[in-house]
Amino acid sequence: MPSASNPSSLKMMANLASETIAQLHTAATSAAEKAYAPYSGFRVGAALLFDDGSVSTGCNVENVSYSLTICAERTALVRAIAEHGGNRKIVAVAVTNLNGTACPPCGACLQMLSEFVTPDTAIYFPTTSGMMQKPFHELLPFAFKNWK
Ligand code: THU
């Protein structure tokens, strides 16, 4: 993981080291092992890399009501803010699952992430044709904002 003692190197995130990306994937996959998904059986993990070099992870947590289920990405985000506050930016997000299938972040997760990303935050996720990287602005070009 990039050194927290050199956070400025993370601000220009155009090219994260492949080792950093691999570590973020590993962190997301470890988080997926903790998923509570008795209803769907779909076990998702997410890892967020912040501009101070720290990483927060989360998994999906389902509920028998179904609709109260929270996705891995939002679990990671809420955990990060609760532990560190809301003054940092996310430079990269990795999403994985243990089911070997596609898993782009859902719209609700993208909207929540939108408060803490830059347009160029890199989002890594599995597709039917392998891992994909997209800048945030391509996944949610019209995030809802407070326009006042
Ligand atoms: N899920 C996530 O954790 N992240 C997403 O971006 C989409 C879906 C979870 C929610 C639910 O527990 C399971 O995947 C099946 O929809």
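Atom set for the values below is all heavy atoms of this structure, side chains included, hydrogens, waters and symmetry mates excluded. As the structure lists them, so they are numbered: ligands from 1, and atoms in each ligand from 1. In this chain, residues are counted from 1 in sequence order.
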Determine whether Asp120 and Thr118 satisfy the following criterion, side chain to side chain donor-acceptor pair (under 3.5 Å), listing intermediate values before the conclusion. CA-CA 5 Å; Asp120 293 326; Thr118 70; 5.3 Å; no
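- The side-chain heavy atoms of Phe116 and Leu48, taken from C-beta on, include no pair separated by under 4.5 Å.
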Less than 3.5 Å apart, which donor and acceptor atoms pair up between the side chains of residues 30-37 and the rest of the protein, not counting sequence neighbours?
from  : atom 1 : to    : atom 2 : distance (Å)
Ser30 : OG     : Thr26 : O      : 3.1

For each nitrogen or oxygen atom of ligand 1, which protein N/O atoms lie closer than 3.5 Å, and how far apart are they, rounded to 0.1 Å?
from     : atom 1 : to     : atom 2 : distance (Å)
ligand 1 : 3 (O)  : Ala72  : N      : 2.9
ligand 1 : 4 (N)  : Glu73  : OE1    : 2.8
ligand 1 : 6 (O)  : Glu73  : OE1    : 3.3
ligand 1 : 6 (O)  : Glu73  : OE2    : 2.8
ligand 1 : 6 (O)  : Cys106 : N      : 3.1
ligand 1 : 12 (O) : Asn60  : ND2    : 2.9
ligand 1 : 12 (O) : Glu62  : OE2    : 2.5

Only distances under 3.5 Å count here; give the side-chain donor-acceptor pairs of residues 55-64 to other protein atoms, sequence neighbours excluded, each with its distance to 0.1 Å.
from  : atom 1 : to    : atom 2 : distance (Å)
Thr57 : OG1    : Arg79 : NH1    : 3.1
Asn60 : OD1    : Val44 : N      : 3.0
Asn60 : ND2    : Phe42 : O      : 2.7
Glu62 : OE1    : Tyr39 : N      : 3.0
Glu62 : OE1    : Ser40 : N      : 3.1
Glu62 : OE2    : Ser40 : OG     : 2.5
Asn63 : OD1    : Ser65 : N      : 2.8
Asn63 : OD1    : Ser65 : OG     : 2.7

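- In this structure, Glu73 and Leu77 have side chains that are not in contact, with every pair of non-hydrogen atoms separated by 4.5 Å or more.
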Distance-only criterion, 3.5 Å: show the donor-acceptor pairs between side-chain atoms of residues 100-112 and protein atoms not counting sequence neighbours.
from   : atom 1 : to     : atom 2 : distance (Å)
Gln111 : OE1    : Phe144 : N      : 3.0
Gln111 : NE2    : Phe144 : O      : 3.0

